[in-house]
Amino acid sequence: MSLFGHILTTKLIFVFLLTTTLFGCSTVRFAYNQGDTLTYWWLDDHIGFNQTQESFIRGSLERHFWWHRTEQLPGISGSLQRAQQKLQAPVSKTEFLILRAELLKHVYRIADEVIPDTAKLLTSLDASQIETIQKRFDKNNQKFKNEFLPKDKIKQGVVRANKIIERTEWLYGNLSSTQENKIREFLAKNPIDNEIIFQERLRRQSEFMAICKEVQQQKLNQKATESLLRDYMKYFEAGKTKEQQSFHKKWIEAGAETASFISHVVNEEQNKYATERVGGWLADVQELIKDSSVLAAKRSAHLSR
């Protein structure tokens, strides 16, 4: 998703569903107001909840969305304002890295908030549910391979370029053939190995599945499960080995360099298109913040009855 393309994504930890819901839909406000329901459906599709889990998860999602609405949206609004301002002109690699780091702070704050309930969910999973999660991972991985990993390396580069151009046009509007060719030439000179990206995807999934199995087989308690999840989040992005961390750094810097290059290729009209697009998200977020005050008053009145 262009500027937000490198925001972390994972499965079953609610934080990343919240972020995807917020930035992944054309109408942010509508999607966000349905976020707890959409997230529940997504999770249920990946796990298959029993009645006890269903009740807990619905209540948990309602609480977390309310916390996110009242505690996180003001900070996200500020980040969007800064992003909108930056997009009015070419942006440096360093500026993109700073923006990415700022966005990740929101993500990790949510992760810290939801880990206790995530741990409670994991302690309730049975072997068949864990198998369902693995099957869903396998299905999604095959889709990833089909889409991004043709056997020919040159074709992999073409697929990567096509996706980046698609995301660029999503943010900046239509590109001219000259602009598109410049981006393709830049990417050809600055390749990233999609095979390693896929292996990192598998690494994160494997580590998460190992936690699920350890919790279920050893019947770990809440505290022990939370500890495993916090350790998982600590190394989620970059991994534990020097090789993993080196690739992660290279990948992040390559993304920032690409974003910066693109920001120098687009014209003033396309900059305006991008700032207006981000402005639409910003307006939705600010409306959600206003809605929160009204909802808070209603909740307070209901509780005081």
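For reference, positions follow the sequence shown, starting with 1. What you see below is based on every heavy atom in this structure, not just the backbone, and it leaves out hydrogens, waters and symmetry mates.
Shown here for K93 and S260, the closest heavy-atom pair between the two residues is N-OG, 3.5 Å. Considering all non-hydrogen atoms of both residues, G35 and F65 come closest at C-CZ, 3.3 Å. Taking all atoms of both residues into account, the shortest heavy-atom contact from V265 to Q179 is O-NE2, 3.3 Å.
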* To do: Using the salt bridge (charged side-chain N to carboxylate O under 4.0 Å, His left out) rule, take E113 and R109 through it: C-alpha gap first, then chi angles, then the decisive distance, then the call.
  => CA-CA 6 Å; E113 178 72 16; R109 178 65 187 90; 3.7 Å; yes
* Test Q129 against Q53 for side-chain hydrogen bond (donor to acceptor under 3.5 Å, both in side chains), laying out the working first. => CA-CA 12 Å; Q129 289 174 316; Q53 292 167 335; 2.7 Å; yes
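Using modelled atom types, no side-chain atom of D112 and backbone atom of Y108 make a donor-acceptor pair closer than 3.5 Å. Listed for the D44 side chain is no donor-acceptor partner under 3.5 Å among the backbone atoms of Y40. A donor-acceptor pair under 3.5 Å links the side-chain atoms of T225 to the main chain of N221, judged by distance alone. A donor-acceptor contact shorter than 3.5 Å is absent between the side chain of Y172 and the backbone of S263. At least one donor-acceptor pair under 3.5 Å links the side chain of D152 to the backbone N or O of K155. Although no hydrogens or angles enter the test, the distance criterion places no donor-acceptor pair under 3.5 Å between the side chain of Q286 and the main chain of A283. A side-chain donor-acceptor contact under 3.5 Å links E169 to the backbone of L175.
A donor-acceptor pair shorter than 3.5 Å cannot be found between the side chains of H46 and T132. Side chain to side chain, R201 and N140 fail the donor-acceptor criterion of an N or O pair below 3.5 Å.
By the 4.0 Å N-to-carboxylate-O rule, R203 lies close enough to E200 to be salt-bridged with it. For E62 and R58, the salt-bridge test fails: no basic side-chain N is under 4.0 Å from an acidic carboxylate O. In this structure, R184 pairs ionically with E180, as a charged nitrogen and a carboxylate oxygen lie closer than 4.0 Å. Here D193 does not pair with R160 in a salt bridge; the nearest charged N to carboxylate O distance is not below 4.0 Å. Look at K250 and E253 and you find no salt bridge, because none of the NZ, NE, NH1 or NH2 atoms lies under 4.0 Å from a carboxylate O. The pair K213-E207 does not count as a salt bridge, with every side-chain nitrogen at least 4.0 angstrom from each carboxylate oxygen. For the pair E185 and K189, the salt-bridge criterion is not met [side-chain N within less than 4.0 Å of a carboxylate O].
For NZ of K234, the number of neighbouring non-hydrogen atoms (other residues, nucleotides, ligands) closer than 6.0 Å is 12 at most. Residue Q85 places its CD atom among 12 or fewer non-hydrogen atoms of other residues, nucleotides or ligands, all under 6.0 Å distant.
Ring planes of F198 and F144: parallel class, angle under 30° (limits at 30 and 60°).
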